[in-house]
Amino acid sequence: MPPETQPEQPRKYAAPRGTSDLLPEDWPYWRYIRDTGERVCELFGYRRIETPLFEDAGVFLRTAGAGTDVVEKEAYIFEDRGGDRLALRPEGTAAVMRAYIEHGMSSQPQPVRLYYIAPNFRYDRPQAGRYRQHTQLGVEAVGEAEPLIDAEVIDLQATFYRRLGLRGVTLKVNTIGDAACRPAYIEALRAYYRPRLDAVCADDRMRFEKNPLRLLDCKEERCQPAIAGAPRLRDYLCDPCRLHFERLLAYLAALSIVHTVDERLVRGLDYYTRSVWEFHPAEEGAQSSIGSGGRYDGLVELLGGAPTPGVGFGSGIERLILNLKRQEAAVPPALAPALYIAHLTPEAAIEALRLAGAVRAAGAEAIVGPEGRSLKAQLRHANAHRARYVAILGAREIASGEVTLRDLEDHSERRLPLMDLAGAVAPHA
RNA sequence: GUGGGCGUAGCCUAGCGGUUAAGGCGCCAGGUUGUGGCCCUGGAGAUCGAGGGUUCAAAUCCCUCCGUCCACCCCA
């Protein structure tokens with residue numbers, strides 16, 4: 001006998017914390033950004049790739065490295081029913097490199113130019129511009145080590161923002177060295193901070209252990225003196241890194257890409273090497289970066305592939321929308337239907353469905369009024385839908401095989417044969 | 001993970017201890033018999049985020065939780 005179940009009160013569900021529904025009102029922004037992004041990427045010869053929303057957790061755990069919040073504290077990791085340990089994608093690059101290796105892309109002409117628009121998941125505390133699910137446009141150029149490609153990727157990103165019409169976007173660039181020179185610098189930085197740990201903030205003491213490069217980025221007033229006297233990475237760069245950066249800056253200058261060198265700029269993910277950069281919007285908030293990138297020459301190797309250089313960026317779509325709205329940027333508006341078909345009798349309703357099909361086949365949007373509403377209600381409805389035309393089907397029209405076509409813009413009205421309707425409202429090619 | 005602000009119908013807001021929670025937008029209907037956008041009238045729609053407590057009495061005070069926003073942190 002089944003246990004007596006209590007009548008459950010229906011619970012109201014909401015989207016999970018830090019996630020949101022993309023509603024029709026916001027779609028024009030999304031479509032604009034996606035279309036623009038896709039076009040710019042294709043103009044630069046980049047090809048679309050999409051990887052699964054989840055991966056073997058190792059793809060991210062092995063690559064991002066210890067001490068990075070994105071993976072260590074923020075990854076959604078779970079076991080599936082088969083016992084596999086999986087992770088919702090917290091960032092795009094490692095997943096794309098996994099695909100690069102898996103599909104033998106190293107045998108394609110190098111560099112392999114790839115882009116994607118895909119959601120990422122991070123268990124953060126949400127605030128404006130920071131969500132547990134956010135979408136990034138990502139670009140990766142894999143298999144080329146020279147700085148010309150770094151400049152190309154930055155150029156692509158700058159072009160993307162320019163085409164979106166974002167004003168006041170600024171670019172900061174830096175180099176963080178590589179495996180040859182960065183360890184010595186980290187050591188020097190730690191040696192410098194070790195006797196000063198009592199004078200700096202608690203966060204810095206944590207950074208000292210986990211992510212020493214971030215010490216340079218601390219905003220605490222009391223930590224500024226320490227930062228000012230700290231050893232500089234540029235004094236520790238190996239010759240290849242120094243040269244790479246100098247050449248990158250020269251290319252950027254040649255392209256007239258306005259930028260500033262910010263020696264405090266570092267990356268949260270450990271696999272970055274040499275070039276790093278960030279784009280910031282005109283109006284800075286707490287979540288200021290709208291897109292950031294860098295070189296990751298060691299990443300493919302970390303995933304078991306042959307040593308392969310790479311460079312790329314990710315840009316947050318939600319933050320771009322935030323800034324487009326702040327700037328009240330014009331985006332292409334949502335399409336309004338060309339035709340609304342009002343019907344007044346059961347026979348007319350059937351004819352309305354047929355007519356709608358014919359109109360759509362001719363390439364114009366058509367929506368059919370709901371059943372049982374007055375003509376006045378349907379006209380109001382059509383107006384609310386911002387339809388251009390209303391076709392009226394009542395007993396009179398059915399009897400004569402005609403339709404009344406009303407133009408909601410100039411208020412004119414005429415009768416025409418049913419079969420002429422599609423041609424009258426469809427865009428003329 | 002830390003600190004702070006805020007949570008009243010789909011949306012915006014009033015009410016801030018005392019009878020049936022008010023208004024605007026939106027939605028639906030009507031303003032005669034087949035005609036929109038403005039206007040007028042009516043209607044539906046709220047366990048006042050959830051749970052607990054204080055009080056004769058709570059949307060109004062207190063606590064906890066949840067959500068949201070802001071700052072830190074981190075990052076797109």
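Chain A is the first sequence line, chain B the second, and so forth, proteins listed ahead of strands; every chain is numbered from 1.
The residue A:Ile392 sits close to a base: some heavy atom pair falls under 4.0 Å. Counting any heavy atom pair closer than 4.0 Å across all strands shown, A:Arg386 reaches no nucleic acid atom. Using a 4.0 Å heavy-atom criterion, one finds that A:Phe313 contacts no nucleic acid atom at all. Counting any heavy atom pair closer than 4.0 Å across all strands shown, A:Ala377 reaches sugar-phosphate atoms only and no base atom.
Side-chain nitrogen and oxygen atoms of A:Gln378 include none within less than 4.0 Å of the OP1 or OP2 phosphate oxygen of B:G36. Phosphate contact (OP1/OP2 of B:A76, side-chain N/O of A:Ser292, threshold under 4.0 Å): present. Between A:Arg406 and B:G34 there is no side-chain N or O to OP1 or OP2 distance below 4.0 Å. Put simply, A:Ser374 has no side-chain N or O that comes within less than 4.0 Å of OP1 or OP2 on B:A29.
Among residues two or more places apart in sequence or in another chain, the ring pair (Phe, Tyr, Trp, His ring centres under 6.0 Å) test is passed with A:Tyr236 by A:Tyr185. For A:Asp410, the side chain to side chain contact (heavy atoms under 4.5 Å, CB included) partners two or more places apart in sequence, or in a different chain, are A:Asp407, A:Ser412. Under the rule for a ring pair (Phe, Tyr, Trp, His ring centres under 6.0 Å), the partners of A:Tyr161 that lie at least two apart in sequence or sit in another chain are A:Phe279. Residues satisfying the side chain to side chain contact (heavy atoms under 4.5 Å, CB included) criterion with A:Asp203, sequence neighbours excluded, are A:Cys201, A:Met206, A:Arg207. In this view, A:His134 and A:Gln136 satisfy the side chain to side chain donor-acceptor pair (under 3.5 Å) rule, not counting sequence neighbours. Judged as a ring pair (Phe, Tyr, Trp, His ring centres under 6.0 Å), and not counting sequence neighbours, the contacts of A:Tyr76 are A:Tyr123.
Remark: C1' of B:A76 and CZ of A:Phe121 are 14 Å apart, rounded to the nearest angstrom. In this structure, CD of A:Glu91 is placed 18 Å from P of B:C74, rounded to the nearest angstrom. Distance A:Leu216 CG to B:C74 P: 12 Å, rounded to the nearest Å. Rounding to whole angstrom units, CZ of residue A:Arg132 and C1' of B:C66 are separated by 12 Å. The distance from atom CG of A:Asp124 to atom P of B:C69 is 13 Å, rounded to the nearest whole Å. If you measure from atom CG of A:Leu375 to atom C1' of B:G30, you get 15 Å, rounded to the nearest angstrom. Taking atom CZ of residue A:Arg373 and atom C1' of nucleotide B:C28, one finds them 7 Å apart after rounding to whole Å. Taking atom CG of residue A:Leu339 and atom P of nucleotide B:G36, one finds them 18 Å apart after rounding to whole Å.
Look at the C1' atom in both B:A14 and B:A21: the space between them is 10 Å, to the nearest Å. When the C1' atom is used for both B:G67 and B:A22, the distance is 26 Å, rounded to whole Å. Taking the C1' atoms as reference points, B:C39 lies 41 Å from B:A58, given to the whole Å. Nucleotides B:A44 and B:C38, compared at atom C1', are 24 Å apart to the nearest Å. For the P atom pair drawn from B:G43 and B:U60, the interatomic distance equals 29 Å after rounding to whole Å. Taking atom P on both B:C16 and B:C61, the two are 10 Å apart, rounded to the nearest angstrom. B:G10 and B:C27 have their C1' atoms separated by 9 Å, with the value rounded to a whole Å. Using atom P as the reference point in both B:C11 and B:C73, the two lie 33 Å apart (nearest Å).
In summary, A:Arg89 and A:Glu55 do not engage in a salt bridge, as defined by a charged side-chain N under 4.0 Å from a carboxylate O. Using a cut-off of 4.0 Å between Lys/Arg side-chain N and Asp/Glu carboxylate O, A:Arg267 and A:Glu278 are scored as salt-bridged. Between A:Asp124 and A:Arg122 there is no salt bridge, since none of the side-chain N atoms of the basic residue sits less than 4.0 Å from a carboxylate O of the acidic one. Look at A:Arg274 and A:Asp178 and you find a salt bridge, because one of the NZ, NE, NH1 or NH2 atoms lies within 4.0 Å of a carboxylate O, short of that distance. The pair A:Arg196-A:Asp204 does not meet the salt-bridge criterion, since no charged nitrogen lies less than 4.0 angstrom from a carboxylate oxygen.
Aromatic stacking is marked for A:His134 over B:A76, as both cut-offs hold: 5.5 Å for the centres and 30° for the planes.
When distances are taken from the side chain of A:Gln136 to each of B:A76, B:G36, B:A71, the shortest belongs to B:A76. Each of B:C28, B:C74, B:U35 was ranked by its minimum atom distance to the side chain of A:Glu74; first place goes to B:C74.
For A:Glu187, the CD atom sits in a loose shell: 12 or fewer heavy atoms of surrounding residues, nucleotides or ligands are nearer than 6.0 Å. Remark: A:Arg415 CZ is packed, more than 12 non-hydrogen atoms of other residues, nucleotides or ligands lying under 6.0 Å away.
Judged by distance alone, the side chain of A:Glu50 and the main-chain N or O of A:Ile117 form a donor-acceptor pair under 3.5 Å.
In RNA chain B, stems built from 3 or more consecutive Watson-Crick or G-U wobble pairs, each with both distances under 3.5 Å, span B:1-7 with B:66-72, B:10-13 with B:22-25, B:27-31 with B:39-43, B:49-53 with B:61-65.
When each of A:Cys218 and A:Asp410 is assigned the nucleotide of RNA chain B with its nearest heavy atom, A:Asp410 is the one assigned upstream, toward the 5' end. Projected onto RNA chain B by closest heavy-atom contact, A:Pro126 and A:Met206 fall at different nucleotides, the more 5' of which corresponds to A:Pro126.
Between A:Ala226 and A:Val200, the closest heavy-atom pair is CB-CG1, 4.0 Å.
Among pairs with a residue in residues 206-226 of chain A, none fulfils ring pair (Phe, Tyr, Trp, His ring centres under 6.0 Å), at least two apart in sequence or across chains. Within the structure, side-chain hydrogen bond (donor to acceptor under 3.5 Å, both in side chains) pairs that include any residue of residues 327-342 of chain A comprise A:Tyr340-A:His381 (at least two apart or interchain).
Of the residues in residues 16-49 of chain A, those with a non-hydrogen atom less than 4.0 angstrom from any atom of RNA chain B are A:Arg17, A:Gly18.
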Give each protein N/O atom lying under 3.5 Å from an N/O atom of nucleotides 31-33 of chain B, with the pair distance.
| residue | atom | partner | partner atom | Å |
| --- | --- | --- | --- | --- |
| B:G31 | N7 | A:Lys376 | NZ | 3.0 |
| B:G31 | O6 | A:Arg380 | NH2 | 2.4 |

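Counting atom types as modelled, A:Arg130 pairs no side-chain N or O with a base atom of B:A76 as donor and acceptor under 3.5 Å.
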query = Using a cut-off of 4.0 Å between protein heavy atoms and nucleotide atoms, how would you tag nucleotides 4-9 of chain B 5' to 3' with B, S and -?
reply = B-----
